[in-house]
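Here, residue 1 is the first one in the sequence, and each next residue gets the next number.
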Amino acid sequence: MAAAIECRDLRKTYDGKVEAVRGLNLEIRTGECFGLLGPNGAGKTTTIEILEGLLQPSSGQVTILGQTWQQNPRQLREWLGISLQETRLSEKLSVRETIELFASFYSEPRSSDEVLDQLQLREKADAWVGKLSGGQRQRLAVATALVGNPRILFLDEPTTGLDPQSRRQLWDIVRTFQQNGGTVLLTTHYMDEAERLCDRLAIIDHGQVIAEGSPAELIERLGGHHVVEFEAGGNGKDGGETDRWRALPGVEAVRHEDGVICLTVREPHTTIPALLDAVEKHGSALQRLTTRQASLEDVFVRLTGRHLREE
């Protein structure tokens, strides 16, 4: 499949000393939903702003649908729809006026009525933007990105502030856009959203891609499909304690989180009996034990040492 977005050896340095992006390489295929994940300060926002043509890289090459920002900026702006995390819109315009204003920026826009219906904003068409709820403003921001009839859609935290039903409606909009041949670049702080929507994703830290693949591939690389979480009296964080849990059969990795020990395992039915025996022999009392499927959150924490939503 042809690449919609490519960047090679992308670098961005501020003030000649702060390296926000360090030789980053990405290839996003036409028609896929690609997720870009990273902790705060990882270089994710800088990367996206370079791809969107808002920032000049210090070095490296960006190609979008075969064009570069240096060669054909006007055509690229016709092809891109961008929904920022915080889109500042005039509060004294109505919803319809806002959508029609953005439509006027493009040569072949969609009709405002079509976009109003798609984002379920028809009943708010004549309401001032300043009177909208947070979720309605977020949907309007996505509407302004879609009205230009783009080929590539950049969505930065598109479901922040949305209720669960509105989130799923927006997921359906993303899938429909893909089914019609569009490409989506998504950033999100919701791991379930990334798992459901993204065909592939990249995790960025310290200005570089540290992992890339489909959600299933990344979870597979974690080394286990299940996580056993437990809390026992006398849980310790010293090396001896960690080594004892890692020595249990089937354990691939161990981490501590606020007094809870998390074991990444392949066969919980093998690990759990051995764990219960080890706790009993140690003279500890098991206070809590849960099992669950491994997730992208586990991959992210193992690679970066942080949860995605941590500040």
Side-chain angles (χ1 to χ4, degrees), residues 1-14 19-36 38 43-89 98-112 114-115 118 141-158 173-174 176-187 198-202 204 207-209 212:
M1 190 178 293
I5 300 174
E6 286 185 277
C7 60
R8 293 286 176 262
D9 197 26
L10 198 63
R11 298 177 184 272
K12 181 63 176 180
T13 304
Y14 293 99
E19 290 184 289
V21 181
R22 309 177 184 181
L24 188 140
N25 296 299
L26 280 178
E27 182 176 306
I28 301 172
R29 301 163 190 158
T30 300
E32 74 176 344
C33 180
F34 191 92
L36 209 56
K44 177 183 62 178
T45 299
T46 299
T47 299
I48 291 169
E49 290 182 348
I50 291 172
L51 297 180
E52 293 171 340
L54 301 176
L55 271 181
Q56 284 281 350
S58 299
S59 63
Q61 181 69 37
V62 173
T63 305
I64 298 177
L65 297 171
Q67 303 289 331
T68 69
W69 283 106
Q70 293 75 26
Q71 295 170 338
N72 208 340
R74 176 60 190 170
Q75 183 63 70
L76 287 181
R77 290 190 176 94
E78 287 280 341
W79 288 341
L80 303 188
I82 299 173
S83 176
L84 303 175
Q85 187 174 353
E86 292 185 20
T87 303
R88 303 285 183 180
L89 300 171
T98 300
I99 293 175
E100 290 179 348
L101 173 64
F102 276 77
S104 71
F105 302 153
Y106 299 91
S107 59
E108 298 179 4
R110 297 170 62 186
S111 75
S112 58
E114 181 184 359
V115 176
Q118 186 178 13
V142 176
T144 62
L146 287 172
V147 74
N149 202 21
R151 295 171 61 179
I152 299 177
L153 192 57
F154 285 82
L155 296 176
D156 189 8
E157 305 289 342
I173 290 167
V174 170
T176 300
F177 182 78
Q178 277 187 269
Q179 289 166 3
N180 291 329
T183 304
V184 181
L185 178 58
L186 171 77
T187 71
C198 296
D199 301 298
R200 293 188 305 127
L201 54 89
I204 294 178
Q208 295 178 315
V209 174
E212 184 176 352

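Remark: the backbone N or O of Thr13 is paired with a side-chain donor or acceptor of Ser58 at under 3.5 angstrom. Between the side chain of Asn25 and the backbone N or O of Asp9 there is at least one donor-acceptor pair closer than 3.5 Å. With hydrogens and angles ignored, the 3.5 Å screen pairs a side-chain donor or acceptor of Arg8 with a backbone N or O of Leu26. Under a 3.5 Å cut-off, the side chain of Asp199 and the backbone N or O of Cys33 do form a donor-acceptor pair.
In terms of the salt bridge (charged side-chain N to carboxylate O under 4.0 Å, His left out) criterion, residue partners of Glu212 (sequence neighbours excluded) are, by chain and number, Arg200. Judged as a side chain to side chain contact (heavy atoms under 4.5 Å, CB included), and not counting sequence neighbours, the contacts of Thr187 are Leu36, Lys44, Ile48, Asp156, Glu157. With sequence neighbours excluded, the residues forming a side chain to side chain contact (heavy atoms under 4.5 Å, CB included) with Gln70 are Gln56, Thr68, listed by chain and number.
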Return all side-chain donor-acceptor pairs below 3.5 angstrom for residues 72-83, not counting sequence neighbours, or 'none' if the list is empty.
residue : atom : partner : partner atom : Å
Asn72   : OD1  : Gln75   : N            : 3.4
Arg74   : NH2  : Glu78   : OE2          : 2.9
Arg74   : NH2  : Phe105  : O            : 3.3
Glu78   : OE1  : Ser107  : N            : 3.3
Glu78   : OE1  : Ser107  : OG           : 3.1
Glu78   : OE2  : Ser107  : N            : 3.3

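Here the shortest heavy-atom pairing between Ala145 and Leu153 reads CB-CD1, 3.8 Å. Taking both residues in full, the closest heavy atoms of Ala3 and Glu27 are given as CB-CG, 3.8 Å, listed atom of the first, atom of the second, then distance. For the pair Thr47 and Leu24, the tightest heavy-atom approach, listed with the atom from each and the gap, is OG1-CD1, 3.9 Å.
Tyr14 has its side chain within reach of Thr46: a pair of non-hydrogen atoms, C-beta onward, lies under 4.5 Å apart. Residues Val115 and Ser112 are not in side-chain contact: their nearest non-hydrogen atoms beyond the backbone lie 4.5 Å or more apart. Using a 4.5 Å cut-off on side-chain heavy atoms (C-beta onward), Phe102 and Pro109 make no contact. Here the side chains of Leu146 and Ile173 are in contact, with some heavy-atom distance below 4.5 Å.
Rounding to the nearest 0.5 Å places CG of Leu185 at 9.5 Å from CD of Glu32. Distance check, rounded to the nearest 0.5 Å: CD of Glu114 to CD1 of Ile99 gives 11.0 Å. Interatomic distance, Arg110 CZ to Gln118 CD, rounded to the nearest 0.5 Å: 4.5 Å. Note: Glu100 CD to Thr144 OG1 = 13.5 Å, rounded to the nearest 0.5 Å. Annotation: the span from Ile28 atom CD1 to Thr183 atom OG1 amounts to 8.5 Å, rounded to 0.5 Å.
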TODO: Could you walk me through whether Leu51 and Phe154 pass the side chain to side chain contact (heavy atoms under 4.5 Å, CB included) test, one step at a time?
DONE: CA-CA 10 Å; Leu51 297 180; Phe154 285 82; 4.0 Å; yes
Open item on the list: I'd like to know whether Leu186 forms a side chain to side chain contact (heavy atoms under 4.5 Å, CB included) with Val174, so could you lay out the CA-CA distance, the side-chain angles of the two residues, the decisive distance to 0.1 Å, and finally the verdict.
Closed with: CA-CA 10 Å; Leu186 171 77; Val174 170; 6.0 Å; no
Open item on the list: Please determine whether side chain to side chain contact (heavy atoms under 4.5 Å, CB included) holds for the pair Trp69 and Ile64, giving the CA-CA distance in whole Å, both sets of side-chain angles, and the decisive distance to 0.1 Å.
Closed with: CA-CA 8 Å; Trp69 283 106; Ile64 298 177; 3.6 Å; yes
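The salt bridge (charged side-chain N to carboxylate O under 4.0 Å, His left out) analysis of residues 57-71, with sequence neighbours excluded, yields no pairs. Residue pairs that meet the salt bridge (charged side-chain N to carboxylate O under 4.0 Å, His left out) test with at least one member in residues 55-71, sequence neighbours left out, do not exist here.
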